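Structure, as structure tokens:
Whatever order the structure lists ligands and atoms in, that order sets their numbers, starting from 1. Treat the numbers as computed from the prediction; the structure is a model and nothing was measured. Excluded from the calculations below are hydrogen atoms, water molecules and symmetry mates; all remaining heavy atoms, backbone and side chain alike, are included.
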Amino acid sequence: MALLPIIIAPDPRLKVKCDPVEKVDAGIVKLLDDMLDTMYDAPGLGLAGPQVGVQKRLLVVDTSKDVDARDPKFLINPEILSASGELFKYEEGCLSLPEHYAEVERPARIRVKYLDRGGAACEMEAEDLLATCIQHEMDHLEGILFVDHLSRLKRSVILRKLQKMKKQQMQKAVGA
Ligand code: GNR
Ligand code: NI
């Protein structure tokens with residue numbers, strides 16, 4: 001078990017399109033397990049490769065309410081097969097945009113195909129919060145953050161606040 005540092009926006013590493021995973025080998029399995037530990041520790045409902053500096057198409061999610069009934073899902077090379085016309089609105093947060101929240105509307109139900117932690121080809125259906133989280137994580141694989149679904153003004157306010165916070169933390173770290 002290892003906790004990985006989470007990259008905070010604005011950062012160019014959160015803006016890149018990720019590459020497919022070629023082979024689900026021991027290194028990928030270890031990375032997924034470390035990502036899950038990092039997500040539970042944060043705590044968060046999901047975590048995608050680029051948030052821990054890995055530009056690969058993989059993510060973890062767990063929207064179960066109870067820590068005693070955890071239900072982690074590992075999705076490698078996920079693709080959306082279909083999405084409902086009906087939308088679901090949820091106040092989203094992101095571990096890469098700490099302390100900022102905003103409502104985003106996305107399809108309420110999706111069908112996704114992916115490789116699981118064992119490398120097996122799978123399909124699943126998700127709705128409401130789980131569907132929202134999977135779409136939020138899949139956005140990360142395209143270099144998209146939830147603020148990219150907001151107005152330019154709302155997005156720039158949030159990103160400027162985070163930029164300022166990062167600058168202050170940097171100055172504190174060097175004792176300025
Ligand atoms: O912890 C998280 N909560 C959340 C809430 C609503 C919609 C998506 C999410 S995912 C987020 C963790 C994260 O940043 N994943 O990329
Ligand atoms: Ni996120």
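- Atom 11 (C) of ligand 1 has as its closest protein heavy atom Gly93 O, 3.5 Å.
- Ion pair Arg106/Asp139 flagged as a salt bridge, since at least one NZ, NE, NH1 or NH2 atom sits closer than 4.0 Å to an Asp/Glu carboxylate oxygen.
- At the shortest separation from atom 14 (O) of ligand 1 among protein heavy atoms lies Leu95 N, 2.8 Å.
- When only interatomic distances are considered, the shortest N/O to N/O separation between Gln51 and ligand 1 falls below 3.5 Å.
- Taking any N or O of Glu91, backbone or side chain, none lies under 3.5 Å from an N or O belonging to ligand 1.
- Between Pro107 and Leu87, the shortest heavy-atom distance links the atoms N-CD2, 3.7 Å.
- A salt bridge links Glu86 and Arg109; the closest N-O separation between the charged side-chain nitrogens and carboxylate oxygens is under 4.0 Å.
- Short contacts between ligand 1 and Glu92, defined as distances under 4.0 Å to a heavy atom of the residue, involve ligand atoms 6 (C), 7 (C).
- For the pair Glu137 and ligand 1, the shortest N or O to N or O distance falls below 3.5 Å.
- Leu95 and Pro43 make their closest contact through CD2-O, 3.9 Å (heavy atoms, listed as atom of the first residue, atom of the second, distance).
- Neighbours of the Ni ion (ligand 2) restricted to protein N, O or S atoms under 2.8 Å: the count is 3.
- No N or O atom of Leu129 sits closer than 3.5 Å to an N or O atom of ligand 1.
- A side-chain donor-acceptor contact under 3.5 Å links Ser96 to the backbone of Ile7.
- Of all the heavy atoms of Phe146, none lies under 4.0 Å from any atom of ligand 1, so neither backbone nor side chain is involved.
- Ion pair Glu79/Arg111 not flagged as a salt bridge, since none of the NZ, NE, NH1 or NH2 atoms sits closer than 4.0 Å to an Asp/Glu carboxylate oxygen.
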Quiz item: Could you walk me through whether Leu150 and Val147 pass the side chain to side chain contact (heavy atoms under 4.5 Å, CB included) check?
Solution: CA-CA 5 Å; Leu150 309 179; Val147 290; 4.1 Å; yes
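- Scored by the salt bridge (Lys or Arg N to Asp or Glu O under 4.0 Å) test, Asp116 finds no partners at all (sequence neighbours excluded).
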Quiz item: Yes or no on side chain to side chain contact (heavy atoms under 4.5 Å, CB included) for Ile8 and Met165, after CA distance, side-chain angles and deciding distance?
Solution: CA-CA 10 Å; Ile8 307 300; Met165 181 196 81; 4.2 Å; yes
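- Backbone and side-chain nitrogen or oxygen atoms of His136 are examined, and one is located within less than 3.5 angstrom of a nitrogen or oxygen of ligand 1.
- Near Tyr90, with a cut-off below 4.0 Å to any heavy atom, the atoms of ligand 1 are 6 (C).
- Between Asp11 and Arg13 there is a salt bridge, since at least one side-chain N of the basic residue sits less than 4.0 Å from a carboxylate O of the acidic one.
- Each of the following atoms of ligand 1 lies closer than 4.0 Å to a heavy atom of Gly44: 1 (O).
- For the pair Glu103 and Lys89, the salt-bridge criterion is met [side-chain N within less than 4.0 Å of a carboxylate O].
- At the shortest separation from atom 13 (C) of ligand 1 among protein heavy atoms lies Gly46 O, 3.4 Å.
- Of the N or O atoms in Leu45, one or more lie within a sub-3.5 Å distance of an N or O in ligand 1.
- In terms of polar-atom proximity, defined here as any N/O pair under 3.5 Å, Cys94 makes no such contact with ligand 1.
- Arg57 and Glu137 are not joined by a salt bridge, as no carboxylate oxygen comes within less than 4.0 angstrom of a charged side-chain nitrogen.
- No side-chain donor from either of Tyr90 and Asp128 sits under 3.5 Å from a side-chain acceptor of the other.
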